[in-house]
Visitor: 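Before anything else, here's the structure in question.
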Amino acid sequence: MLVDGMSTLMTENAKNCESMNFHAFGLRWKFNIRLDLVKDYLSAYLTIADEKCTGSNWGVTCWFNLSVISQIGDLDICTASVFSFDSNHVSWGVSSLISQEMLKQKFIVNDKAVFCAEITGVIPLFLNVIINTFSPTMGTAERVKLMKVPRNNSRFTWKITQFSSFSGESHSSYEFTCGPRRWYAQFYAPSIS
């Protein structure tokens, strides 16, 4: 994951950057970097985000490496771990992968840093049965660009008419643009018994 705009991540209140879902060994995952868990350190986490992994009868054990990749020829910062994911532990990682000072000095080039999550040796367990038919997936790459959005372009107002007549579980607004992305707001109506 190439993060473009590291200075924004390191100086603003948004101290978390999450990848989109990616596939490895037939499962969906997310890679997350954080700057708010351990003072002056960057944390990296891997989260299993697959819809097959719901309820209490599943587990996934795997090896994974979380890395900060050098762009100037220095050695990469890498940590290897074996973790078991389950309904109580959907995220695992390293709370102090690299100091922010070392990150600034050796790993950020032109306000960009490269992070990597490598997953191997996946052993999924669903309904207490080990499944060994999952095969590795080719690597995927993602570029995340962090940018400041002017306040006058970051507000959306959704006027709801006839609110009391809404029924059902959820309601969505029309799509709107905020910064470079398209969004929609959604609220869930409480059920009245």
Side-chain angles (χ1 to χ4, degrees), residues 1-51 62-81 83 85 90-120 122 136-156 173-186:
M1 178 171 70
L2 170 73
V3 179
D4 185 353
M6 283 299 296
S7 59
T8 301
L9 181 64
M10 297 175 82
T11 58
E12 299 296 320
N13 289 333
K15 299 288 186 182
N16 182 6
C17 183
E18 184 176 81
S19 74
M20 294 180 65
N21 289 341
F22 63 91
H23 295 270
F25 291 90
L27 298 169
R28 287 186 318 157
W29 307 81
K30 284 187 179 186
F31 184 51
N32 191 305
I33 57 172
R34 300 185 65 132
L35 290 158
D36 61 345
L37 297 179
V38 177
K39 184 175 171 48
D40 300 326
Y41 279 86
L42 179 133
S43 306
Y45 286 85
L46 188 62
T47 302
I48 193 160
D50 201 283
E51 64 274 353
C62 67
W63 284 89
F64 64 84
N65 294 325
L66 302 176
S67 308
V68 185
I69 307 300
S70 173
Q71 300 175 68
I72 58 173
D74 285 347
L75 293 176
D76 299 339
I77 299 294
C78 182
T79 181
S81 305
F83 285 111
F85 295 81
V90 295
S91 290
W92 285 106
V94 181
S95 59
S96 51
L97 179 64
I98 185 173
S99 72
Q100 289 186 35
E101 192 58 38
M102 182 184 284
L103 183 67
K104 288 177 196 173
Q105 290 176 1
K106 296 187 176 187
F107 292 89
I108 297 177
V109 176
N110 295 328
D111 205 26
K112 297 175 180 78
V114 179
F115 302 92
C116 180
E118 179 183 5
I119 304 166
T120 58
V122 174
T137 306
M138 290 297 295
T140 59
E142 179 176 359
R143 178 180 178 178
V144 178
K145 183 167 177 103
L146 303 174
M147 56 192 296
K148 294 181 182 179
V149 177
R151 286 206 179 267
N152 62 355
N153 192 18
S154 63
R155 176 172 283 189
F156 168 73
S173 71
Y174 294 107
E175 280 192 357
F176 59 94
T177 302
C178 181
R181 301 207 187 274
R182 308 245 340 124
W183 302 83
Y184 69 91
Q186 188 170 26

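On a predicted model such as this, the values are computed, not experimentally measured, just so you know.
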Visitor: Please report the interatomic distance CG(Leu35) to CG(Leu9), rounded to the nearest 0.5 Å.
Guide: 4.5 Å
Visitor: Rounded to the nearest 0.5 Å, what's the gap from CG on Leu2 to CD1 on Ile69? Could you check?
Guide: 11.5 Å
Visitor: Looking only at heavy atoms, what is the nearest atom pair of Asn16 and Asn32, with distance?
Guide: OD1-OD1, 2.6 Å
Visitor: Can you tell me if Gln71 uses its side chain to pair, donor with acceptor, with the backbone of Asn110 under 3.5 Å?
Guide: no
Visitor: Which atom names give the shortest non-hydrogen contact between Leu46 and Phe85, and what distance separates them?
Guide: O-CE2, 3.5 Å
Visitor: State which residues pass side chain to side chain donor-acceptor pair (under 3.5 Å) with Glu118; sequence neighbours excluded, sorted by chain then number.
Guide: Asn65
Visitor: Assess whether side chain to side chain contact (heavy atoms under 4.5 Å, CB included) is satisfied between Phe22 and Ile119, documenting all intermediate values.
Guide: CA-CA 11 Å; Phe22 63 91; Ile119 304 166; 3.8 Å; yes
Visitor: Would you say the side chain of Met10 lies within less than 4.5 Å of the side chain of Ile108, judging by non-hydrogen atoms?
Guide: yes
Visitor: Test of understanding: with side chain to side chain donor-acceptor pair (under 3.5 Å), list the residues that count as partners of Asp76, not counting sequence neighbours.
Guide: none
Visitor: Would you please name every residue forming a side chain to side chain donor-acceptor pair (under 3.5 Å) with Ser173, sequence neighbours left out?
Guide: none
Visitor: I need the minimum non-hydrogen distance between Phe31 and Ala117, along with the two atoms involved.
Guide: CD1-CB, 3.6 Å
Visitor: Any salt bridge (charged side-chain N to carboxylate O under 4.0 Å, His left out) involving residues 22-39? Give me the pairs, sequence neighbours left out, ordered by first then second residue.
Guide: Glu18-Lys30, Arg28-Glu51, Arg34-Asp36
Visitor: Please step through side chain to side chain contact (heavy atoms under 4.5 Å, CB included) for the pair Ile33 and Met1, ending with a clear verdict.
Guide: CA-CA 10 Å; Ile33 57 172; Met1 178 171 70; 4.3 Å; yes
Visitor: Does the pair Met6 and Leu103 meet the rule for a side chain to side chain contact (heavy atoms under 4.5 Å, CB included), with working shown?
Guide: CA-CA 10 Å; Met6 283 299 296; Leu103 183 67; 3.7 Å; yes
Visitor: Of all residues at least two apart in sequence or in a different chain, which pass the salt bridge (charged side-chain N to carboxylate O under 4.0 Å, His left out) check with Glu101?
Guide: none
Visitor: Run the ring-ring contact (aromatic ring centres under 6.0 Å, His included) test against Phe83 and tell me which residues pass, sequence neighbours left out.
Guide: Phe64, Trp92
Visitor: I'd like to check the side chain to side chain donor-acceptor pair (under 3.5 Å) partners of Ser43; sequence neighbours left out, ordered by chain and number.
Guide: none
Visitor: Identify the two heavy atoms, one from Leu66 and one from Ala44, that lie closest to each other, and give their separation to 0.1 Å.
Guide: CD1-O, 3.3 Å
Visitor: So, taking the atom named CG in Asp111 and the one named OG1 in Thr8, what distance separates them when rounded to the nearest 0.5 Å?
Guide: 6.0 Å
Visitor: Apply the test side chain to side chain contact (heavy atoms under 4.5 Å, CB included) to residues Cys116 and Val114: give CA-CA distance (whole Å), side-chain angles for both, the deciding distance (0.1 Å), then the verdict.
Guide: CA-CA 7 Å; Cys116 180; Val114 179; 5.8 Å; no
Visitor: Any heavy-atom pair between the side chains of Lys106 and Ile77 that's under 4.5 Å?
Guide: no
Visitor: Out of the candidates Phe107, Phe115, Tyr41, only one should pair with Ile98 under the side chain to side chain contact (heavy atoms under 4.5 Å, CB included) rule; please name it.
Guide: Phe107
Visitor: Please name the pair of heavy atoms, one in Leu27 and one in Asp50, separated by the smallest distance, quoted to 0.1 Å.
Guide: CA-OD2, 3.2 Å
Visitor: Taking only residues two or more places apart in sequence or in another chain, which ones pass ring-ring contact (aromatic ring centres under 6.0 Å, His included) with Tyr45?
Guide: none
